[in-house]
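This structure is a prediction, so every number in the text was calculated from the model and none was measured.
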Amino acid sequence: MSLVRKLIRLFCTPSHRSQVQTGLLPLQDIKSATVFVDENEAGFEPLKLRIKEFFSSRGIEVAFLSAFSKDIRSTSDLFIALNAKPSIDERYAAASSSARFKIGRHALKKGTYDFVVSDPEEVPAPVSEVFDVIEKLLCSVK
């Protein structure tokens, strides 16, 4: 990722912030989902297949974004950020997403996420465990 692209995203985040009202949505109201991930994280490929299966079995389209994606703004109903450490790219993608329900691992400024799955200790939890919690949440929202 180039330094110039990171700086542009950092300075453009406030002006590209989505104005869509967000909140908890039941799975039946979600038609598409975007998952922001670190593709270099251990265990990413099996998790990617699990995420695809979870959403496709419910008729929900899923797309994956990472810091290396050229355009990280999304227009899905659900936005999930699974990065262990927040980055400029994640902040930009979450803030500019027009998703009506946003889930992340870190509380960002201006209440970007509707639900935050934080790590219990200083050591980040494995991303598969974080998705377990998100999966339970999504299935419990009515």
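A distance of 5.5 Å separates NZ of Lys48 from CD of Glu45, quoted to the nearest 0.5 Å. Taking CZ of Arg58 as the reference point, atom CD of Glu53 lies at 9.0 Å (rounded to 0.5 Å). To the nearest 0.5 Å, atom CD of residue Gln28 and atom CD1 of residue Ile60 are 9.5 Å apart.
Cation-pi geometry between Arg50 and Phe54 is not satisfied (NZ or CZ under 6.0 Å from the ring centre, within 45° of the ring normal).
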Report task. Could you walk me through whether Leu137 and Ile103 pass the side-chain contact (heavy atoms from CB on, under 4.5 Å) test, one step at a time? Result -> CA-CA 10 Å; Leu137 165 81; Ile103 302 172; 4.0 Å; yes
Report task. Could you go through the side-chain contact (heavy atoms from CB on, under 4.5 Å) check for Phe55 and Ile30 one step at a time? Result -> CA-CA 10 Å; Phe55 286 115; Ile30 298 173; 5.6 Å; no
**Report entry** salt bridge (charged side-chain N to carboxylate O under 4.0 Å, His left out) evaluation trace for Arg105 with Glu90
**Finding:** CA-CA 11 Å; Arg105 290 183 70 175; Glu90 175 192 336; over 6 Å; no
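Under the side-chain contact (heavy atoms from CB on, under 4.5 Å) test applied with Ile134, the options Val35, Leu78, Ile80 reduce to a single match, Ile80.
Residues Asp38 and Phe44 fail the side-chain proximity criterion, which asks for heavy atoms closer than 4.5 Å. In this structure, Cys139 and Leu27 have side chains that are in contact, with non-hydrogen atoms separated by less than 4.5 Å.
Within 6.0 Å of CD in Glu61 there are 12 or fewer heavy atoms belonging to other residues, nucleotides or ligands. Atom CD of Glu39 has more than 12 neighbouring heavy atoms from other residues, nucleotides or ligands inside a 6.0 Å radius.
Nearest heavy atom pair, residue Asp29 against residue Asp77, reads O-OD2, 4.0 Å. Between Val116 and Ala107 the shortest heavy-atom distance is CG1-N, 3.9 Å. Contact between Leu47 and Ser128 at its shortest, heavy atoms only, is CD1-CA, 4.1 Å.
Asp114 has no carboxylate O lying under 4.0 Å from a charged side-chain N of Lys102, or vice versa, which leaves the two without a salt bridge.
Under the 30°/60° scheme for interplanar angles, the aromatic rings of Phe79 and Tyr113 are found to lie parallel.
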